[in-house]
Amino acid sequence: MKKKVIAVILAATMVLGLAACGSKPAAETAKTEEAAPAKEEAAAPAAESSGELIKVGIINNDPNESGYRTANDKDLKEMFTEANGYEASFAYSLKNDEQITAAQKFIQDGVDYLLLSAADTAGWDSVLKDAQDAGIRVILFDRTIDADPSLYEASIVSDMAKEGQTAVDWLKGQNLSEYKIIHLQGVMGSAAQQGRSGALDAAVASDGWTLVTQQTAEWNAEKAQQIVQSVIDSGESFNVIYAENDDMAKGAVAALDKANIAHGVGKDVVVMGFDCNKWALEELLNQNWNYDGQCNPFQASYIDEIIKTLESGGTLSEKTIIMDEKGFDAATITQEDVDNYGI
């Protein structure tokens, strides 16, 4: 295939690191308990010059998973268009086996690049080796996988372990008289869940904190609400909600509100979330929540620069690019922060 040759030097902001997960607005979306089998969605048909377009197959999690994922999918669709030199097809699933099946189909279709945000960190070696044998270059985004780095060109990810550690360090700094924590986990085995759970597990082990319950709500607000409601109904005391995404924090707060339990700054229960949806940061600004950890969904421009560098015959300066992220405290967050970082 004749491809556009564009020499672009990777942005200086690309730095070394290893892990996986803004400023554009994204609409809050309803959550699904389980994604449908990986479905493919083709971009607009290419014009007569389609032979010059770079073919990319993009495998992502369900866009309805969270506000973060909606923003991430929107960012990719805005970048990988015919106008920008691409013929793109998309496949979505929260299940690893369905994502692998989608990857196999993209390989059969002869894409030039396979872009992957894996549902699970394990199980990818074989299909990525097939892609490599077919001359297809693989670029990871959003999440890392447990695979030989030689099987992919680059990884543009969030440092999930750092996200978790930043949040736990903040929680330690609150110097609570006791730590009785409801821990709401994301989809088990995902890089986000592993990183955000790992830091809390370590603190529980070293500092004597109590996990009142530790359950997966699979990123889902309704499941999170049910878990917290069951703890309330049991009569067991707690004073921290550590939710691994904003939607689960939202569900937890719904249960607290139903039971008239005060939460937020100076109240009975500390509420923590991740992703920095704009509506979640507004909850911090109003002091109804206490902390939110950023997870930057805007990776498309980095991927575009990598592809252009490879297409020009250039060499990548870094194999792993870590997105710049921070944590926000309700005591210090500003409206400017909400406007600049809310997704």
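As the structure is a prediction and not an experimental result, all values here were calculated from the model.
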Tell me whether [X] contacts the main-chain N or O of [Y] through its side chain, where contact means a donor paired with an acceptor under 3.5 Å.
{"X": "Asp292", "Y": "Cys276", "value": "yes"}
{"X": "Ser89", "Y": "Gly57", "value": "no"}
{"X": "Asp130", "Y": "Gln104", "value": "no"}
{"X": "Glu325", "Y": "Asn296", "value": "yes"}
{"X": "Asp109", "Y": "Val111", "value": "no"}
{"X": "Ser197", "Y": "Gln194", "value": "no"}
{"X": "Asp329", "Y": "Ala331", "value": "yes"}
{"X": "Lys223", "Y": "Glu218", "value": "no"}
{"X": "Asn245", "Y": "Met248", "value": "yes"}
{"X": "Asn96", "Y": "Ala122", "value": "yes"}

Sequence neighbours excluded, every pair satisfying ring-ring contact (aromatic ring centres under 6.0 Å, His included) that has a member inside residues 250-276: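 Every ring-ring contact (aromatic ring centres under 6.0 Å, His included) pair that includes a residue of residues 250-276, provided the two are not neighbours, is Tyr242-Phe274.
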
Closest approach of [X] to [Y] (non-hydrogen atoms, all atoms of both residues):
{"X": "Ile136", "Y": "Leu114", "value": "CG2-N, 3.9 Å"}
{"X": "Glu244", "Y": "Gln193", "value": "OE1-CA, 3.4 Å"}
{"X": "Ala300", "Y": "Met79", "value": "CB-CB, 3.6 Å"}
{"X": "Ala88", "Y": "Ile58", "value": "CB-CD1, 4.4 Å"}
{"X": "Tyr152", "Y": "Ala147", "value": "CE2-O, 4.2 Å"}
{"X": "Thr216", "Y": "Gly186", "value": "OG1-O, 2.7 Å"}

Gap separating the [atom1] atom of [X] from the [atom2] atom of [Y], nearest 0.5 angstrom:
{"X": "Asp97", "Y": "Asp120", "atom1": "CG", "atom2": "CG", "value": "10.0 Å"}
{"X": "Ile182", "Y": "Gln214", "atom1": "CD1", "atom2": "CD", "value": "12.5 Å"}
{"X": "Gln294", "Y": "Met323", "atom1": "CD", "atom2": "CE", "value": "8.5 Å"}
{"X": "Asn239", "Y": "Leu176", "atom1": "CG", "atom2": "CG", "value": "5.5 Å"}
{"X": "Ser117", "Y": "Ile145", "atom1": "OG", "atom2": "CD1", "value": "10.5 Å"}
{"X": "Ser150", "Y": "Lys319", "atom1": "OG", "atom2": "NZ", "value": "7.0 Å"}

Trace of the salt bridge (charged side-chain N to carboxylate O under 4.0 Å, His left out) decision for Asp246 with Lys250: CA-CA 6 Å; Asp246 289 341; Lys250 183 178 183 179; over 6 Å; no

Side chains of [X] and [Y], heavy atoms from C-beta outward: is any pair under 4.5 Å?
{"X": "Ile261", "Y": "Phe238", "result": "yes"}
{"X": "Ile156", "Y": "Ile306", "result": "yes"}
{"X": "Leu200", "Y": "Leu211", "result": "yes"}
{"X": "Gln174", "Y": "Val270", "result": "no"}
{"X": "Arg143", "Y": "Thr121", "result": "no"}
{"X": "Val187", "Y": "Asn61", "result": "no"}
{"X": "Leu184", "Y": "Val228", "result": "yes"}
{"X": "Phe90", "Y": "Leu76", "result": "yes"}

Cation-pi, Tyr179 ring and Lys172 (6.0 angstrom, 45 degrees):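 Not flagged: Lys172 not positioned over aromatic ring of Tyr179.
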
Other ILVMFWY residues reachable from Val265 by side-chain steps of under 4.5 Å: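 For Val265, no cluster forms, as it stays isolated from other hydrophobic side chains.
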
Do [X] and [Y] share a hydrophobic cluster, counting only Ile, Leu, Val, Met, Phe, Trp and Tyr and linking them when any side-chain heavy atoms are less than 4.5 Å apart?
{"X": "Ile232", "Y": "Ile181", "value": "no"}
{"X": "Leu284", "Y": "Met272", "value": "no"}
{"X": "Phe328", "Y": "Tyr291", "value": "no"}
{"X": "Ile321", "Y": "Val56", "value": "yes"}
{"X": "Val212", "Y": "Val168", "value": "no"}

So, are [X] and [Y] salt-bridged, with charged N and O less than 4.0 Å apart?
{"X": "Glu282", "Y": "Lys278", "value": "no"}
{"X": "Lys77", "Y": "Asp73", "value": "yes"}
{"X": "Arg69", "Y": "Asp142", "value": "yes"}

More than 12 heavy atoms of other groups within 6.0 Å of Asp233 CG: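 Atom CG in Asp233 is crowded, with more than 12 foreign heavy atoms closer than 6.0 Å.
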
Atom CD of Glu336 with >12 non-hydrogen neighbours under 6.0 angstrom: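 Not more than 12 within 6.0 Å, no.
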
Trace of the side chain to side chain donor-acceptor pair (under 3.5 Å) decision for Asp337 with Thr334: CA-CA 5 Å; Asp337 291 329; Thr334 66; 3.2 Å; yes

Do [X] and [Y] meet the criterion of a side-chain donor-acceptor pair at a distance under 3.5 Å?
{"X": "Tyr92", "Y": "Glu65", "result": "no"}
{"X": "Glu283", "Y": "Asn288", "result": "yes"}
{"X": "Asp75", "Y": "Gln299", "result": "no"}

From CA spacing to verdict: side chain to side chain contact (heavy atoms under 4.5 Å, CB included), Val138, Trp124: CA-CA 11 Å; Val138 176; Trp124 285 98; over 6 Å; no

Verdict with supporting geometry, Leu115 and Tyr113, side chain to side chain contact (heavy atoms under 4.5 Å, CB included): CA-CA 6 Å; Leu115 312 184; Tyr113 290 86; 4.3 Å; yes

Full working for side chain to side chain contact (heavy atoms under 4.5 Å, CB included) between Asn84 and Asp304: CA-CA 9 Å; Asn84 288 334; Asp304 176 58; 5.7 Å; no

Side chain to side chain contact (heavy atoms under 4.5 Å, CB included) between Gln99 and Leu116, intermediate numbers included: CA-CA 9 Å; Gln99 286 192 337; Leu116 171 64; 4.3 Å; yes

